[in-house]
Amino acid sequence: MRRGALVQLVLIALVAAVGGVALALFVPWLPQPAGKEADRINFVFWFTVGICIFVFSIVASMLVYAIIHFRAAPDDDSDGPPIHGHTGLEIAWTAVPTALVIAIGIVSAVVLSRNDNAGAHPFHVNVTAQQFAWSFNYPDQKNLAANVLRLPVNRSVLLTFTSKDVIHSFWVPELGQKQDTVPGLHPTLHITPTRVGTYPIICTELCGLGHAAMRSTLIVMPKDQFERWLASQMKALGNAGSNPAAAGKAVFANNGCGSCHTLAAAGASGTIGPDLDKIATYAKNAGQPLDAFVRESIIDPEKFIEKGYPPNVMPGTFGKSLTKMQLDALVAFVTGSSKGG
Ligand code: CUA
């Protein structure tokens, strides 16, 4: 091959490579990772992108060179010279891609096995999916229930999934890992959050009309803060027998009830759902005793919808995920707090 041709090929390849690298670097393609597993997944992604840019620059240089130098003259309808075979070239274009694909396979396999390895003592959380909400409970903390997932930072966490109806899929973009929840199975997912912060939990499997709204929140907390939160919840629950209203207040706060409801005793001022300071009036409208009405509204929110408030907003999964003790405490707190109002 002439030296001039080689120089041109290399120059075109360099231009293509610079373009590819710029496209990779200057567009924020991936969310900022917040977990060890996401870091590893991103490594596989960029490793593969690097190989792609390498292959792209070679193909682009050949293509551009051929277009410039071997362009047929106008009205030249003759065929090109009959070339048959070039063993060296064929070996090269078989061996190089084979090696690259095997490399991607090996790197992926190593990352998959490391990401799935939860270690000997992971922190356990059970995740329940139901059209159209997520709920969580902490099996080693007496099944403490929550509809917001709180986790300590830098701790290996094993999520175990249950679906009550159809296939959903659990995804926190910043954590990389993703898992389908399949009815009848209990798949697990290992995550290790490494950055304190608040992240969205998204359902990524079309699961019905409310699919797009099937979201929750992951709050990654510093270890001591998480321990304090856990201890305060456990303490409140431990005292549920002697002081159910205080335990109920903890359940109320823990499950984000205040973001939709107003309740003076909880310092909550949400306006999406019914004003719980007026719950006694609503019970009368529903023609039920207060205690039974509150209990029913938590477990089966669609049974009675107070006038002026939208149906299908309150997640029914939440009430069903509470232990009996938590539910009793929550009912005691809501009924007790509203009597004055
Ligand atoms: Cu659940 Cu989409």
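Just so you know, ligand 1 is whichever comes first in the structure, and atom 1 is the first atom listed for that ligand.
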- The expected count of protein N/O/S atoms at less than 2.8 Å from atom 2 (Cu) of ligand 1 is 4
- Item | Partners passing side chain to side chain contact (heavy atoms under 4.5 Å, CB included) against T204 (at least two apart in sequence or in another chain) | S169, W171, K178, I202
- Where at least one partner belongs to residues 246-285, residue pairs that pass ring pair (Phe, Tyr, Trp, His ring centres under 6.0 Å), sequence neighbours excluded: F252-F333
- Looking at K278 and D275, does any basic side-chain N land under 4.0 Å from a carboxylate oxygen? yes
- Side-chain hydrophobic cluster, 4.5 Å single linkage: members besides V10: L14
- Taking the inter-plane angle between the rings of Y138 and F226 on a 0 to 90° scale, is it parallel (under 30°), tilted (30 to 60°) or perpendicular (over 60°)? tilted
- Item | Check: Y309 ring centre within less than 6.0 Å of F304 ring centre | no
